[in-house]
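Whatever order the structure lists ligands and atoms in, that order sets their numbers, starting from 1.
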Amino acid sequence: MTKRALITGITGQDGSYLAEFLLDEGYEVVGMVRRSSTVTFERIAHLQDRIGTVHGDLLDQASLIDLLRTYRPTEVYNLAAQSFVQTSFGQPVLTGEITALGVTRLLDAIRIVDPDIRFYQASSSEMFGKVHEVPQNEDTPFHPRSPYGVAKVYGHWITVNYRESYGLHASSGMLFNHESPRRGLEFVTRKISHGAARIKLGLDRELRLGNLEAHRDWGFAGDYVKAMWMMLQQETPDDYVVAAGRTHSVREFCNVAFGHLGLNWEDHVVVDEQFFRPAEVDLLVGDATKARTVLGWKDSTTFEELVVMMVDADMDLLSGKLRPIS
Ligand code: NAP
Ligand code: F7E
């Protein structure tokens, strides 16, 4: 039987890595993209002759039903979301429509068109928020700290609900922060790697950041998308934490990134109140024992390797040594 995967959010960081991985596994890959006035295919440009794209939007139920009927995927990976926490404070309703209700629209489309489709929901460590225990695992209570985190809790529970109500093979991956050279420029890791490279090349003098004390469990996105696929290969759907199991502060990230370029981060980083959040998630560190033992998932990248990979890629990008995405 042809293995055909539909990826929502294929133009995003994870979508591009997952598409590469599934193509290597022999899948036909179709990506759902939304209409925009400019092309947003930068991350998948190198895959364009190997994947299909179809227009649709998590805000538009009919488009989801239509594309499932047309493409008949065997697996659906729901990676689309308004995924930036800071934006969710300014646009809480839009975030809820896409990141929360969008999951129901897609699950219901699956229930109507083909309940045998296997479904992956991109849940988040932001659901743990103001953490009730350290480290966080599948049983840790949720306490989200942003409209984004709240929307993800809804997305998680509606996934569990469709599994329990309709018997769908629906799994939720509670992924901790994962980064790469393809990370959006607004997220702190890429902001630092790009900012440090600009300073090294004389394009900027300072980098303005918010809370340097926040701690995150950062891993490499290329490793994390494999866990998504592994969840859908299990006989039984379930929920898994996926994390590196180590935590570092934003300050430490700056130290390694600037240090790699022979710079002292304290000479360049300026703390700016505009990047602080109304409520912060202070400390995240995940316990991925279940994913490691049940799925056999493992990661391959240390914190230092991740930072250096991102800084080197931004140096190449900014100095004109454009490399094809790999
Ligand atoms: P990302 O780079 O921000 O990509 C988000 C994707 O969603 C983009 O392709 C975007 O399309 C699409 N999208 C946004 N609104 C949409 C809508 N209304 N209809 C259809 N598509 C829409 O995010 P990411 O880092 O790859 O993360 C992938 C998923 O994992 C997201 O759900 C995120 O919340 C979740 N997650 C991420 C992390 C992490 O550390 N990266 C951790 C846990 C969970 P455009 O290109 O058109 O904007
Ligand atoms: O912030 C602090 C900020 O925006 C990380 C998304 O993929 O991961 C991501 O959410 C930390 C926060 O990611 C700046 O306050 C300091 O404590 O890179 P971020 P995030 O909020 O952790 C989770 C798992 C997801 O699910 C999300 O989709 O860094 N911070 N100064 C800053 N953050 C930003 N963006 N910009 C700063 O200047």
Side-chain angles (χ1 to χ4, degrees), residues 7-18 31-36 38-44 55-60 63-64 77-89 94-95 97-99 101-103 105-106 120-129 144-146 148-149 151-152 155-156 172-180 182-192 195 207-221 224-225 228 241-243 248-251 253-254 269-284 286:
I7 304 176
T8 74
I10 195 163
T11 56
Q13 172 189 257
D14 290 7
S16 65
Y17 282 109
L18 180 63
M32 187 183 87
V33 296
R34 43 182 187 164
R35 195 265 159 188
S36 66
T38 51
V39 179
T40 56
F41 288 9
E42 195 183 330
R43 296 184 178 103
I44 51 168
H55 280 102
D57 198 304
L58 283 189
L59 297 176
D60 183 0
S63 71
L64 304 176
Y77 295 85
N78 183 36
L79 309 188
Q82 189 306 93
S83 75
F84 189 40
V85 170
Q86 186 95 41
T87 293
S88 79
F89 286 103
L94 180 69
T95 301
E97 283 287 353
I98 300 172
T99 307
L101 277 179
V103 188
R105 291 191 190 97
L106 188 50
Y120 172 82
Q121 167 58 15
S123 292
S124 167
S125 52
E126 283 294 299
M127 302 191 301
F128 299 121
R145 294 276 278 173
S146 63
Y148 169 81
K152 282 291 179 186
H156 170 80
S172 168
M174 299 180 240
L175 270 53
F176 283 60
N177 297 53
H178 45 279
E179 319 292 316
S180 75
R182 300 182 203 173
R183 188 59 141 150
L185 285 166
E186 67 275 37
F187 297 95
V188 77
T189 54
R190 183 78 196 287
K191 191 173 168 183
I192 296 168
L207 174 64
R208 304 186 83 82
L209 296 174
N211 178 14
L212 303 181
E213 303 314 321
H215 280 68
R216 289 290 183 279
D217 184 336
W218 281 299
F220 171 52
Y224 285 45
V225 298
M228 302 174 183
V241 159
V242 180
H248 293 276
S249 65
V250 173
R251 181 187 297 274
F253 198 104
C254 289
V269 170
V270 177
V271 172
D272 186 333
E273 288 293 320
Q274 70 166 300
F275 298 112
F276 281 73
R277 294 169 181 183
E280 178 61 289
V281 172
D282 296 315
L283 165 72
L284 289 174

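Here the heavy atom of the protein found nearest to atom 27 (C) of ligand 2 is S83 O, 3.3 Å. Atom 35 (N) of ligand 2 has its closest protein heavy atom at E186 O, 2.9 Å. When only non-hydrogen protein atoms are considered, atom 6 (C) of ligand 1 lies nearest to G9 CA, 3.6 Å. At the shortest separation from atom 31 (N) of ligand 2 among protein heavy atoms lies G210 N, 2.8 Å. Of the protein's heavy atoms, R183 NH1, 3.2 Å lies nearest to atom 41 (N) of ligand 1. Of all protein heavy atoms, the one lying nearest to atom 23 (O) of ligand 1 is S83 OG, 3.5 Å. Atom 22 (C) of ligand 1 has its closest protein heavy atom at A80 CB, 3.6 Å. Counting protein heavy atoms only, atom 5 (C) of ligand 1 is closest to A81 O, 3.8 Å. Given atom 4 (O) of ligand 1, the protein heavy atom at minimum distance is G12 CA, 3.4 Å. Among all non-hydrogen protein atoms, the one lying nearest atom 15 (O) of ligand 2 is E280 OE2, 2.6 Å. At the top of the distance list for atom 38 (O) of ligand 2, counting protein heavy atoms only, stands K191 NZ, 2.8 Å. Looking at atom 2 (O) of ligand 1, its nearest protein heavy atom turns out to be Q13 N, 3.1 Å. Among all non-hydrogen protein atoms, the one lying nearest atom 26 (O) of ligand 1 is D14 N, 2.8 Å.
The part of V250 lying near ligand 2 is the side chain, judged by heavy-atom distances below 4.0 Å. By the criterion of a heavy-atom distance under 4.0 Å, both the backbone and the side chain of D57 are placed next to ligand 1. Residue-level proximity to ligand 1 for Y148 is carried by the side chain, the only part with a heavy atom below 4.0 angstrom. Residue contacts with ligand 2 for V85 involve side-chain atoms from C-beta outward but no N, CA, C or O (heavy atoms, distance under 4.0 Å). Heavy atoms of R216 found under 4.0 angstrom from ligand 2 belong exclusively to the side chain. Looking at K152 against ligand 2, nothing comes within 4.0 Å, counting heavy atoms. The residue S36 has no part lying near ligand 1, judged by heavy-atom distances below 4.0 Å. Under 4.0 Å from ligand 2, the heavy atoms of R183 that appear belong solely to its side chain.
Remark: ligand 1 and L79 share an N or O pair separated by less than 3.5 Å (distance only, no angle test). By the 3.5 Å distance cut-off applied to N or O atoms, L175 is not counted among the residues near ligand 1. Of the polar atoms of H178, at least one N or O is found under 3.5 Å from an N or O of ligand 1, judged by distance alone. Geometrically, ligand 1 and R34 share a nitrogen or oxygen pair separated by less than 3.5 Å. Polar contact with ligand 2: present for Y148 (N/O pair, distance under 3.5 Å). By the 3.5 Å distance cut-off applied to N or O atoms, N177 is counted among the residues near ligand 2. Taking distance alone, with nitrogen or oxygen atoms compared against 3.5 Å, M32 stays at or beyond that limit from ligand 1.
Atom CG of L101 is separated from atom CG of L59 by 9.5 Å, given to the nearest 0.5 angstrom. Separation of atoms CD1 (I10) and CG (L18) is listed at 7.5 Å; rounding is to 0.5 Å. In this structure, CE on M228 lies 9.5 Å from OH on Y77, to the nearest 0.5 angstrom.
With sequence neighbours excluded, the residues that form a side-chain hydrogen bond (donor to acceptor under 3.5 Å, both in side chains) with R183 are E179.
Taking all atoms of both residues into account, the shortest heavy-atom contact from F128 to M174 is CZ-SD, 3.9 Å. Closest heavy-atom contact between S83 and F187: OG-CZ, 3.6 Å. When all heavy atoms of C254 and I192 are compared, the closest pair comes out as SG-CD1, 3.7 Å. Of all heavy-atom pairs spanning K152 and A81, the tightest one is NZ-CB, 3.9 Å. Closest heavy-atom contact between F220 and S180: CE1-CB, 3.9 Å.
Within ligand 1, the atoms closer than 4.0 Å to a non-hydrogen atom of A122 are 29 (C), 30 (O), 32 (O), 35 (C), numbered from 1 in the order shown. Applying the 4.0 Å criterion to heavy atoms of F275 picks out, from ligand 2, the atoms 38 (O). Below 4.0 Å from some heavy atom of N177 lie the following atoms of ligand 1, by number and element: 40 (O). For ligand 2, the atoms lying closer than 4.0 Å to a non-hydrogen atom of S124 are 23 (C), 24 (C), 25 (C), 26 (O).
Put simply, part of K152 is less than 4.0 Å from ligand 1, judged by heavy atoms. Between R277 and ligand 2 there is a heavy-atom distance shorter than 4.0 Å. Under the 4.0 angstrom criterion for non-hydrogen atoms, S123 is in contact with ligand 1. Ligand 2 is approached by F84 to a heavy-atom distance shorter than 4.0 Å.
Within the set D14, V188, T87, the minimum heavy-atom distance to atom 5 (C) of ligand 2 is found for V188. The heavy atom nearest to atom 45 (P) of ligand 1, considering only T11, I10, L94, D60, is found in T11.
Put simply, the side chain of R34 never gets that close to the backbone of D57: no donor and acceptor are under 3.5 Å apart. The backbone N or O of G286 lies less than 3.5 Å from a partner atom in the side chain of D217, making a donor-acceptor pair. Between the K191 side chain and the G184 main chain, no donor and acceptor come within less than 3.5 Å of each other. Side-chain atoms of S124 never come within 3.5 Å of backbone atoms of M127 as a donor-acceptor pair (strictly under, hydrogens ignored). Formation of a donor-acceptor pair under 3.5 Å by the R105 side chain with backbone atoms of L64 is not found in this model. The closest donor-acceptor contact from the side chain of T8 to the backbone of L79 lies under 3.5 Å.
No salt bridge links E126 with R145; every basic N to acidic carboxylate O contact stays at or beyond 4.0 Å.
Applying the salt bridge (charged side-chain N to carboxylate O under 4.0 Å, His left out) test to residues at least two apart or on different chains, the pairs with a partner in residues 269-282 are R208-D272, R216-E280.
Side-chain polar atoms of T95 and Q82 form a donor-acceptor pair below 3.5 angstrom.
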